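Note that the coordinates shown come from a computational prediction; the quantities given were computed from them, not determined experimentally. What you see below is based on every heavy atom in this structure, not just the backbone, and it leaves out hydrogens, waters and symmetry mates. Here is the naming used below: chain letters follow the sequence lines, and residue numbers restart at 1 for every chain.
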Amino acid sequence: MSTKFRNAHWLKTNGFAPQVYLFRNIESGQVIYSQIPHVNNYQIKQQFFRPNWENKKPSKRRDLWRPMAVAEFEDYQRAIQAYHGLVELRYMREVSKRKEAEALRRRNEYQQIWYSGQYRPTWSQEAASDLSAVVDEFQLKTKIYWDTLWRKGDDKRWNEELVEHVEMDQVSPRDKLVVLDEIREEGLRE
Amino acid sequence: MFEQQVARFSTSAKCLARSRKGYRISSSIKLRPPIIPTIDNIKVIDDHPLWQFFSHKKFVRNPEEVSFTGRSWTVQELRRKSFDDLHSLWYVCLKERNRLYREAHVYDQAESLRSQEFEGLSAMIRESMVHIKQVITEREAALNNAQAEFEVVGNEYLGEFRNAYLEDQNVETDQWYDKLERLQYAIFGIPDVLDTSLKVDLRFLEGVKFVGQLKYDKFASKIGREDLGGLKDIAEIYTVFEESATAEGVKEACAKIDEYRESNLVIPGSKEIQVVQGFINDKIKQAESDFEETSQQA
C-alpha cells in the first residue's frame, strides 16, 4: 500500500490518520519518510537521490527499519504538505544544496562523514532537523510521537507554539507496529 | 475537492520546478544543522534498578575516590559474624564489584590506565568474598562432622542431657527453656515456630517423644500425677510436648490426658506420624482463625 504516493482522499477512505512516519535504519542510521506505517521500494527510490559509499541505497528489510517518530497534523492536506516538504528538503540536502548540507555534517579525521561501523548518526539528526524546518516553513500545528525523546534534541530547535512532543510507549521492537497502530487510531479519534 | 490535492511532487527536478500550490519549500530556505540528541530530555526515576550500577548516581568516580587504603576482611574477623551478616556482606561486595567493573570498563574504552585502580580495589573485594566462602565452607564441614558424630554418640549425649535435666532442682528458667529449644531444633529439627510447610517424619516424632517424656518425668511427681502411670501413646506424649516446660504446663496437659483416657482410644505405632501431623495442622488452623477474629475485631 505504500508503493506509491497516496493522496488525501485515499488516506481518508483507507482509515489512515493525517500523519507522517519517520523510520530509521538501525544499521546505517538513514531515515525514510512514509505516509503510512510501512516502508517500501517506492520510498527508497523516491528519497535516496545520489547514493554513494557513505549514503548507500538501503534495503527494505523490515527488521532494519524501526519507527523513529510519527508526526501528526491537523488534517490530511497538511500531512501531505509536510510529507512533500520533507522529501524536498531531502532532495536539497542531496542534490541542490549539497555543499551547504555537507558543511553542516560532522567529520572524522579524514574529512569523511563521521561513522562507526556502518552507522552514520547524521542522517537521523538531519531528518529531525528537516521536520522542524517543515513545521516552521508551513506553520503546521504538529504533535510528534518520538521513539525516544532523546532524539528530540534541544528544545530551542523546535517552535514551541506549534509543536507538541510525546514519547511512544516503550515496548520491544517486535511490538513497535502495534504502537504505531495505536497512534494511528488515536490520530483518527482526534 | 480532493482532486486538487493530488501530488505534483516527484523525484525529478523538472517536475519539482513545475509543481505549485503551497507544497513547495522556498528555494531560498537555509538548511538547518542536524539536531543532536541530548540526554537532558530523558528523566530517569530515582529508584530505577540500574542505579545500583552507579555510585551515588555518578557516571564514573575519580580514581581518587576509590583509592583503597583499607584491606579485605580476614577469615578470623568473618568467623565471628552470623550467617545473615555474611549474607549481606556478600551482596554489598558483589554490588560494589559490579560498579567497579562498569567504571573500569568506561576507562578501558577510553584507553586510560586508570582502570587499573578500579580493578585493584575489585581484586581486594574479591578476596573478602573468597574469605566469606571459606567461613561458610568451614561451618558446613563442622555441621557435617557434628551430624556424623551424633550418629555414633547421640544416645549417650541425649542420656546425659536427660540426667542433667532431671537432676537440676530448678528447670523453670530461661536458660533451660533455651537449651530445650536448641536441642529440639539441632537434633530433631523441630522449629520453634510451626508453619504449614512442616512435614512430620521419624526424626520429628522421636523429638516429640523425647521432650514430652522428659517433661512428664520431671514434673509428674512434683504435681502429684503419678497416678496416670506413665504416658501410653503418642497423643498423650504430644499433649505434654506442646505445653510449656513448667509444672503448670504439665498439669494442664495431665488434665487433658484424663479427658482423653475416657474415650479409651489407643493410637497404634503405625499411625503416629499421621496423628502428629494432624495435631499440628489443627493447631495452625486454630491459630489462623484466632488471628482473623482478632484482626476483624480490631
Would you mind telling me which of T148(A), D136(A), L131(A) has the largest number of heavy-atom pairs within less than 4.5 Å of chain B? D136(A)
Within 6.0 Å of CD1 in I39(B), more than 12 heavy atoms from elsewhere: no
Who pairs with E94(A) by side chain to side chain contact (heavy atoms under 4.5 Å, CB included), at least two apart in sequence or on another chain? F49(A), N55(A), R90(A), R98(A), R105(A), W123(A)
If you round to the nearest 0.5 Å, how far is CD of E100(A) from CD1 of I29(B)? 9.5 Å
Of all of K152(A), R106(A), E126(A), which one pairs up most often with chain B through heavy atoms under 4.5 Å apart? K152(A)
Quick check on I36(B) against chain A: is it the side chain, the backbone, both or neither that has a heavy atom closer than 4.5 Å? both
Other residues, nucleotides and ligands only: do more than 12 of their heavy atoms fall within 6.0 Å of CD on E160(A)? no
Does I35(B) offer a backbone N or O that forms a donor-acceptor pair with the side chain of D154(A) under 3.5 Å? no
Looking only at heavy atoms, which two atoms of L104(A) and R32(B) are closest? And how far apart? CD1-O, 3.6 Å
Heavy-atom neighbours of E140(B) CD exceed 12 at 6.0 Å: no
What part of Y83(A) is in contact with chain B, defined as an atom under 4.5 angstrom from a non-hydrogen atom: side chain, backbone, both or neither? neither
Counting only heavy atoms from other residues, nucleotides and ligands, does the tally under 6.0 Å from CZ of R62(A) exceed 12? no
Quick check: closest heavy atoms across P34(B) and T122(A), and the distance to 0.1 Å? CG-OG1, 4.0 Å
Take a 6.0 Å sphere around OH of Y101(B) and say whether it holds more than 12 heavy atoms from other residues, nucleotides or ligands. no
Which bit of R6(A) comes within less than 4.5 Å of chain B, counting heavy atoms only: side chain, backbone, both or neither? neither
More than 12 heavy atoms of other residues, nucleotides or ligands under 6.0 Å from CZ of R102(B): yes or no? yes
So which heavy atom on N41(B) is nearest to which on G153(A), and how close? ND2-O, 2.9 Å
Okay, S132(A) and chain B: the region with an atom under 4.5 Å from a heavy atom over there is both
So, E137(A) side chain and I25(B) main chain: donor-acceptor pair closer than 3.5 Å or not? no
Using side-chain contact (heavy atoms from CB on, under 4.5 Å), reason through K97(A) and K30(B) one step at a time and then give a plain yes or no. CA-CA 9 Å; K97(A) 298 191 179 212; K30(B) 203 165 170 295; over 6 Å; no
Do Q125(A) and P33(B) have side chains that approach each other closer than 4.5 Å (heavy atoms only, starting at C-beta)? no
